[in-house]
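Just so it is clear, the model here is predicted, and its values are computed rather than measured. Below, all heavy atoms of this structure are taken into account, side chains as well, without hydrogens, waters or symmetry copies. Chain naming here is simple, since letters A, B, ... match the order of the sequence lines and numbering starts at 1 in each.
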Amino acid sequence: MAGGGGRVIRVLNVAEKPSVAKAVSGILSKNQPGGIRVRDGRSRYNKIFEFNYTIRNQPCQMLFTSVTGHLMEIEFHERYRKWHSCDPLDLYNAPVRKFVPEDKLDIKRTLEAEARSCQWIILWLDCDREGENIAFEVLDVCRQANHNLTVWRARFSALIDREIHQSVQTLVQPNQLFSDAVDVRQEIDLRIGASFTRFQTMLLRGAFVLDFATDDRNLVLSYGPCQFPTLGFVVERYWEIQAHEPEEFWTINCTHNSDEGTATFNWMRGHLFDYTCGVMIYEMCIQEPIATVTKVKQQEKLKYPPHPLSTIELEKRASRYFRMSSEQTMKVAEDLYQNGFISYPRTETDCFSDKTDLRKNYLDVYRFESWGGSVIPTYSFGQQFTPTTLTLDSGVTRPPPLLSEADLLGCMDKAGIGTDATMHDHIKKLLDRFYAIKDSNTRFSPTKLGEALVMGYDDMGYELWKPYLRAMMECDMKAVSTGTKRKAEVLETCLQQMKACFSDARTNKGKLLEAMAIFFERSNRSSSGEQQAVGAVVRRCGLCLESDMVLRQKPDGNFMVGCLGYPQCRNVVWLPGSVSEASVTENTCITCSPGPVFKIQFKFRQQEIPPDYSVQHLGCIGGCDDILRQLVEICGTGSRNSSNTSGRGRGNPTASSSAQRDNSRAQISCAYCRQTGHLSNDCPSQASRGRTARAQEVDNGESSIPCNSCGAPCILRTANTANNRGRKFFSCQSSECNFFVWEDNLSGGRAERANTSASTSSGRGGRGRGRGCGQSGAHSSNVSFVSATGEPITGRCFICGDPGHFANVCPRRG
DNA sequence: GCAAGGTC
């Protein structure tokens, strides 16, 4: 450490809270020339104290300010902040950042400004892991403002003169390992909490009628590594009570009255569940009723005062004696602290002032307890007496009581759930989230929701609701803080495990749904959970620009690529109904922008695609993929027969249908103009022609023909697949219709150009391009396309060949 | 909108 007098240096001192800055400044400035000056910083709570002090012969001008706990927060990058922005599984790998939140910027600016004028910085944060982490947050900010700061850490455990002076004369370096341990905790808590909270909220809210919430749309079904084990304690006790079967037992009791008082003797054996045995032993006693004293043991009994200065003990006793909630107690404690009556209540400061009389009979001042002893008559070895009463009594086993707040705090304390300062928050969270209720006896029982959630995870076989996970994390953090394990190693291992666990839990979500179904009615709202199931990301949504488009398979087996921002964003690309398998690959499209657009490996059902199309296809939904577009046109999409019954559009088929069309417009290129953003049946270049026109000229000089099935325009297209390159076909441009016919299957083998005016004037009865040569018989009088035999073509099924329906509704499809 | 940890 530098020293040796001479030039006065400026030292920036930072404490964890304003009260400590004030107290330490008061101690160090005592008897110093110049006394102490106070000035305001940018933050109204965090004053700056100035005084002179000498550290190891080095004259120092001390500036002493503070933060208010953590200066920084950890959050996901903006891209992952919105709930629908990504698959919750991605939250295990999504980048996170530590930053100074808005309400701490004033403190940050004060630190920056003061750091610039100082040569040294002394970190006076609390001496625990969190304090060490805050020290590095402060350091981060101050070093940004002044790279040349010399850094010191003051270690102290009590705000008393001797300790503070000693601390500042024996400064050390901050402990990176302690801080690392907190970084690990923060990151794990965030990733686990956010992923599970999003998952279970989106899965269950809306899927059930949650009658306790006035508006369950805003309901959050949170999961946290502390709150869930706390709920677990409540549920476990509740189940224990439920499972209890009362059982009758028998016990022999004896009392003896003498001049000195009454003595009650308990049966050494306790009790018997067998009535016959009990009666037999009792009858033996009655037959020989003289009692003999066989052992006399005197024992001093001590009564200990409650553990002093313990936050949890305070909360337990306030609950027991005043029926105050732990949260309420902490508020009162805070007030008492602010007014100078008690020491800081949120972290243990179990150190008494030198003036305290610890040989203090505590029962004289603590009136809530008494000696409570009773006088027992004196007995001597071998003494005989006749019992005053000798009875055979029955009793019934009782279940344990519901957990009281004191019990709950005890469980949490024992299992290491939360800290002194946060335990009451976790308990309150259970009530706020409708997971548990507290009765008039301040005892906790789970709500239906709380029980269902724990039951769901329990049925999966996971102990996510037990304290072991937190205990394991605590163990790992300890290993990081002592250097036994590295931060990156623990993070990687733990997150990998939790990611696998999350993934498994999602696979087994049925267990959660089943458990919920025991307690709640199913809801048929459109935002029900199953529709939120997510798949792999294909591209960023070009419509809302906020969320990802992911590949999904609907319950009916059809595939689509939908925006995770649903229902706010309804962007969706429906894929051909003939897709049997689809998976997003790591190949990106080099044509489509904005990228990346990940290609999808498709497998089509062979019978449902024209013979010249390959069963396997590596496709792109960005608009560049002609084959995919043709198959959509030929086979139709999965939306056609599912939008009214299931999938995203449940309960709102119109919206779904419109969304489907809107999004086909957005992604698949138009058959007319080759632009993305609309389909050929909505092509702006064709707008003036209108759907009622029965024949339309297309850009290449060909005309379109009204579809036999729906009347929408069919246009002549040219196949570019290996087997049929150059072969022409007509296909209906309505996204609602699958009409398709090879041109050479029409009569005459070649279509004639339609007569636009004739078609328009005669409607469907006009001369169709596909009509056979002069065979305008009865069959074909009102259709555009007829076969070589003069039969009207009504479309054909690729599976069974039946012209009466299309492949996607074929009964043989299963 | 999500965790848990500081503190005002």
Side-chain angles (χ1 to χ4, degrees), chain A residues 15-22 43-47 66-76 80-86 88 90-92 94 96 98 100-101 103-104 106-107 125-138 178-179 181-203 205-206 213 215-230 330-331 333-335 337-338 344-347 412 416-429 432-433 464 469-470 473-474 477 495 498 502 568:
Chain A
E16 190 161 320
K17 41 189 166 280
S19 61
V20 172
K22 186 178 179 182
S43 156
R44 55 187 287 220
Y45 299 109
N46 306 82
K47 309 278 184 202
S66 55
V67 287
T68 46
H70 276 287
L71 183 60
M72 296 182 171
E73 282 177 8
I74 182 174
E75 244 314 350
F76 292 110
Y80 297 86
R81 294 279 284 278
K82 296 217 169 187
W83 279 37
H84 289 97
S85 66
C86 67
D90 295 343
L91 297 179
Y92 286 90
V96 290
K98 262 191 122 172
V100 180
D103 62 338
K104 298 283 175 74
D106 280 344
I107 298 176
L125 288 305
D126 292 356
C127 286
D128 52 22
R129 286 201 302 239
E130 294 295 333
E132 213 65 26
N133 191 261
I134 300 171
F136 279 90
E137 291 173 358
V138 169
F178 269 45
S179 175
V182 173
D183 283 342
V184 169
R185 178 196 59 72
Q186 289 178 336
E187 194 171 327
I188 292 175
D189 283 347
L190 175 67
R191 293 187 191 276
I192 295 177
S195 58
F196 273 93
T197 300
R198 290 185 191 183
F199 158 64
Q200 62 185 28
T201 303
M202 293 193 286
L203 177 70
R205 183 184 66 189
D215 180 10
D216 68 8
R217 281 162 216 278
N218 296 321
L219 196 70
V220 171
L221 307 183
S222 64
Y223 176 91
C226 284
Q227 53 177 278
F228 244 61
T230 307
M330 290 305 284
K331 273 189 188 148
E334 180 67 31
D335 280 350
Y337 163 69
Q338 293 288 351
Y344 189 67
R346 277 184 290 215
T347 50
M412 295 169 76
I417 302 296
T419 67
D420 302 337
T422 60
M423 283 185 192
H424 67 278
D425 282 334
H426 302 312
I427 295 176
K428 184 169 182 290
K429 190 151 275 177
D432 292 345
R433 297 281 191 224
L464 289 166
L469 175 65
R470 192 66 183 176
M473 282 167 58
E474 181 60 36
M477 281 193 291
L495 289 174
M498 283 312 297
F502 176 81
Q568 283 78 26

Exercise for the section: Nearest-nucleotide wise, let me know which of A/Gly69 and A/Arg433 is further upstream toward the 5' end of DNA chain B. Expected result: A/Arg433
Exercise for the section: Return no unless some side-chain N or O of A/Lys82 is found under 4.0 Å from OP1 or OP2 of B/dC2. Expected result: no
Practice task
Write down the atom of A/Ala21, the atom of A/Ala15, and the distance for their closest heavy-atom approach.
Solution key: N-CB, 3.6 Å
Practice task
Mark yes or no for a side-chain to base donor-acceptor pair under 3.5 Å between A/Gln200 and B/dC2, with no hydrogen or angle criteria applied.
Solution key: no
Problem - Phosphate OP1/OP2 of B/dG6 contacted by A/Thr419 side-chain N/O (<4.0 Å) - result: yes
Problem - Touch class at under 4.0 angstrom, heavy-atom based, for A/Ser43 against every strand present - result: nothing
Exercise for the section: Select one nucleotide: of B/dA3, B/dA4, B/dT7, the one nearest the side-chain heavy atoms of A/His426. Expected result: B/dA4
Exercise for the section: Hey, which sits more toward the 5' end of DNA chain B by its nearest nucleotide, A/Ile107 or A/Arg81? Expected result: A/Arg81
Exercise for the section: Describe the nucleic acid contact of A/Glu75 in one word from base, sugar-phosphate, nothing, applying a heavy-atom distance below 4.0 Å. Expected result: base
Problem - Phosphate OP1/OP2 of B/dA3 contacted by A/Gln186 side-chain N/O (<4.0 Å) - result: no
Exercise for the section: Would you kindly check whether a donor in the side chain of A/Thr68 faces an acceptor in the base of B/dC8, or vice versa, at under 3.5 angstrom? Expected result: yes
Exercise for the section: Figure out the CG/P separation between A/Asp189 and B/dC2, and round it to whole Å. Expected result: 15 Å
Handout entry: Atom NZ of A/Lys428 with >12 non-hydrogen neighbours under 6.0 angstrom
Key = no
Exercise for the section: Let me know the distance between NE2 of A/His84 and P of B/dC2, rounded to the nearest Å. Expected result: 15 Å
Practice task
Please determine, for the side chain of A/Arg205, which listed nucleotide (B/dT7, B/dG5, B/dG1) has the closest atom?
Solution key: B/dG1
Practice task
Assign A/Gly131 to base, sugar-phosphate, or nothing according to its heavy-atom contacts below 4.0 angstrom with the strands shown.
Solution key: nothing
Problem - Nearest-neighbour nucleotide for the A/Glu16 side chain, B/dG6, B/dA4, B/dG1 considered - result: B/dG6
Exercise for the section: Using a cut-off of strictly less than 4.0 Å, decide whether A/Arg470 has a side-chain nitrogen or oxygen near OP1 or OP2 of B/dA4. Expected result: no
Exercise for the section: Mind calculating the distance between CG (A/Asp183) and P (B/dA4) to the nearest angstrom? Expected result: 18 Å
Handout entry: Face-to-face stacking of A/Tyr223 with B/dA3, centres under 5.5 angstrom, angle under 30°
Key = no
Handout entry: Options B/dA3, B/dG6, B/dG5, nucleotide nearest the side-chain atoms of A/Arg185
Key = B/dG5
Practice task
Consider the side chain of A/Lys429, meaning its heavy atoms from C-beta on, and name the nucleotide among B/dG5, B/dA4, B/dG1 that approaches it most closely.
Solution key: B/dA4
Handout entry: A/Ser222 side-chain N/O to B/dA3 phosphate OP1/OP2 under 4.0 Å
Key = yes
Practice task
Round to the nearest Å and state the distance from A/Met72 atom CE to B/dA4 atom P.
Solution key: 22 Å
Practice task
Could you check whether A/Ile74 gets within reach of a base, just the sugar-phosphate, or nothing at all, counting any heavy atom under 4.0 Å?
Solution key: base
Problem - Expected output: side-chain A/Arg470 to main-chain A/Pro225 donor-acceptor under 3.5 Å - result: no
Completion exercise
On a heavy-atom basis, the closest approach of A/Thr201 and A/Leu221 is OG1-N, 3.0 Å
Practice task
To the nearest Å, give me how far apart CG (A/Leu221) and C1' (B/dC2) are.
Solution key: 11 Å
Problem - A/Lys47 NZ to B/dT7 C1', straight-line distance once rounded to whole Å - result: 17 Å
Practice task
Would you classify A/Ile192 as touching base, sugar-phosphate or nothing, given that sugar-phosphate means primed atoms plus P, OP1 and OP2, and contacts are heavy atoms under 4.0 Å?
Solution key: nothing
Practice task
Measure across A/Ser222 and A/Gln200 and return the closest heavy-atom pair with its distance rounded to 0.1 Å.
Solution key: O-NE2, 3.1 Å
Handout entry: Protein-nucleotide distance (A/Phe228, atom CZ; B/dA4, atom P), rounded to Å
Key = 10 Å
Exercise for the section: May I ask you to decide if A/Lys82's main-chain N or O and A/Ser85's side chain share a donor-acceptor pair within less than 3.5 Å? Expected result: yes
Handout entry: A/Tyr92 and A/Phe502 aromatic ring geometry - parallel, tilted or perpendicular at 30°/60° bounds
Key = tilted
Practice task
Please state whether the phosphate of B/dG5, meaning OP1 or OP2, lies under 4.0 angstrom from any side-chain nitrogen or oxygen of A/Thr422.
Solution key: yes
Exercise for the section: Using atom NZ of A/Lys17 as one end and atom P of B/dG6 as the other, report the distance to the nearest whole Å. Expected result: 10 Å
Problem - Listed nucleotide nearest any side-chain atom of A/Thr201, set B/dT7, B/dC2, B/dG1 - result: B/dG1
